[in-house]
Each structure stands twice: as C-alpha cells, then as structure tokens.
Amino acid sequence: MGEQATRRILVADDDPVIVRLLQVNFKLEGYDVETASHGEEAIQKARDAHPELILLDVMMPGLDGWEVCRRLKEDDGTAGIPVIFLSARAQDEDRKRGLELGVVEYVTKPFDPGDLVGLVARIIAGRRQASDNASTEPTRQA
C-alpha cells in the first residue's frame, strides 16, 4: 500500500487554551497541526500550509471568522479547503450564514474534542474518497 499522506489541519482561534486543546488532541491522532491566533494569520497559513481542513473561530479580533472564510472561499488557492466554524454563537441565523459562506460544519462551543476529531476525520476521509473516485473514473469526450 502507498504511504499515508500527512493529514494537516489549521486551527485558527484567538483563545490559546482552545488552540492548545485542539493541537494536543489532533496531534495524538497523527495530524500535523498549524495554528493561527488571528484572521490575517489564518489566511496566510492557509495559503502557505495547504491544510486539508480549517477549524475557524468565528469571533476573533481584527478579521473575524466570517471575513476570513469569505476571503478563503474567494481565493482559488484556498477555496477548496473545507472550513468548520467553531463558535460560542449558536443562533440559527449564524449557522445559516456559515452554511451560505460554504462552511461544511458549524460547531458550537463548548465542544467535545474527541467528537471534533471524529468529525474532521470523516470529512477528510470523505473528500479523499471522492477525490480517489474522480481520479479513477474514465474521462468522457463529447
């Protein structure tokens, strides 16, 4: 079997306790974890590190998660990276706004780190499966 590709994620949150909690939990599961503490840094790290998935806090100083997500989705280099919003805001309007921006999930704080690791693993595995299927399908000429 081929070598296991590195599973790299980006955690963007201004709360160092949450960043450390996620970093420890994901590293224990074999993930390479990049971190960012504000929006501009999150955008730059997403462009530089090419993570398979981004965990993005909605409420951050400077550029908030809404604006970071909008910019990532408008950039051809980062548009395809799935984003999971992490937020203490649990209103339906916020969830709807997140989905309209293209996030794959909206997780409210507090959350169970083990559940979040499982969710991320399922999303990455599903994307890899879809990518494998697409690359093995014969191309059709019109």
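Computed from a predicted model, the values in this text were never measured in an experiment.
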- Heavy-atom side-chain contact between L55 and L116 under 4.5 Å: yes

- Message: I'd like to know whether I84 forms a side chain to side chain contact (heavy atoms under 4.5 Å, CB included) with V104, so could you lay out the CA-CA distance, the side-chain angles of the two residues, the decisive distance to 0.1 Å, and finally the verdict.
- Response: CA-CA 6 Å; I84 296 176; V104 293; 3.8 Å; yes

- Are M59 and D64 close enough, and set up right, to give a side chain to side chain contact (heavy atoms under 4.5 Å, CB included), and what steps lead you there? CA-CA 5 Å; M59 305 303 291; D64 63 17; 5.7 Å; no

- Decide whether V107 and L56 are clustered together by the hydrophobic rule: side chain heavy atoms of Ile, Leu, Val, Met, Phe, Trp, Tyr closer than 4.5 Å, transitively. no

- Message: Assigning hydrophobic clusters by single linkage (Ile, Leu, Val, Met, Phe, Trp, Tyr; side-chain heavy-atom cutoff under 4.5 Å), is V83 placed with I124?
- Response: no

- Item | Residue pairs involving residues 91-100 (criterion side-chain hydrogen bond (donor to acceptor under 3.5 Å, both in side chains); sequence neighbours excluded) | R89-D94

- Task: Please list, chain by chain and in numerical order, all residues satisfying salt bridge (Lys or Arg N to Asp or Glu O under 4.0 Å) with E29, sequence neighbours excluded.
- Result: none

- Heavy-atom pair with the smallest gap, counting every atom of L10 and A42: CD2-O, 3.4 Å

- Task: Could you tell me which residues satisfy side-chain contact (heavy atoms from CB on, under 4.5 Å) with P16, sequence neighbours excluded, listed by chain and number?
- Result: none

- Query: Considering all heavy atoms of both residues, which atom of L72 and which atom of I43 are nearest to each other, and what is their separation?
  - Reply: CD2-CA, 4.2 Å

- Between R71 and E40, does at least one N-O distance fall below 4.0 Å, as a salt bridge requires? yes

- Query: What heavy-atom pair brings S87 and V58 nearest, and what distance separates the two atoms?
  - Reply: CB-CG2, 3.6 Å

- Message: Any heavy-atom pair between the side chains of I54 and P82 that's under 4.5 Å?
- Response: no

- Note on the structure: Contacts of D48 meeting side-chain hydrogen bond (donor to acceptor under 3.5 Å, both in side chains) (sequence neighbours excluded), chain-then-number -> Q44

- Residues in side-chain contact (heavy atoms from CB on, under 4.5 Å) contact with V19, at least two apart in sequence or another chain: V11, D13, T35

- Which residue pairs satisfy the ring pair (Phe, Tyr, Trp, His ring centres under 6.0 Å) criterion with at least one member in residues 25-83, sequence neighbours excluded? F26-Y31, W66-F85

- Sort and list the pairs that fulfil salt bridge (charged side-chain N to carboxylate O under 4.0 Å, His left out) and have at least one residue in residues 17-26, not counting sequence neighbours. none

- Query: R8: what forms a side-chain contact (heavy atoms from CB on, under 4.5 Å) with it, not counting sequence neighbours?
  - Reply: D32, E34, A49, P51

- Item | Polar side-chain atom of N25 near backbone of L21 as donor-acceptor pair, under 3.5 Å | yes

- Side-chain heavy-atom pair R47, D75 within 4.5 angstrom cut-off: yes

- Query: For D112, what residues pass the side-chain contact (heavy atoms from CB on, under 4.5 Å) criterion, not counting sequence neighbours?
  - Reply: D115

- Sequence-distant partners of E105, salt bridge (Lys or Arg N to Asp or Glu O under 4.0 Å), two or more places apart: none

- Item | All side-chain hydrogen bond (donor to acceptor under 3.5 Å, both in side chains) counterparts of S37, not counting sequence neighbours | E41

- Task: Verify the cluster assignment for I9 and V117: are they in a single hydrophobic cluster under the rule of side-chain heavy atoms below 4.5 Å apart?
- Result: yes

- Item | K109 with D15: basic N within carboxylate O range, under 4.0 Å | no

- Are V103 and F111 co-members of a hydrophobic cluster defined by side-chain heavy atoms under 4.5 Å apart? no

- Answer yes if V24 and L86 sit in the same cluster of Ile, Leu, Val, Met, Phe, Trp and Tyr residues linked by side chain heavy atoms under 4.5 Å apart, and no otherwise. no

- Using the test salt bridge (Lys or Arg N to Asp or Glu O under 4.0 Å), find all partners of R127 that sit at least two apart in sequence or belong to another chain. none

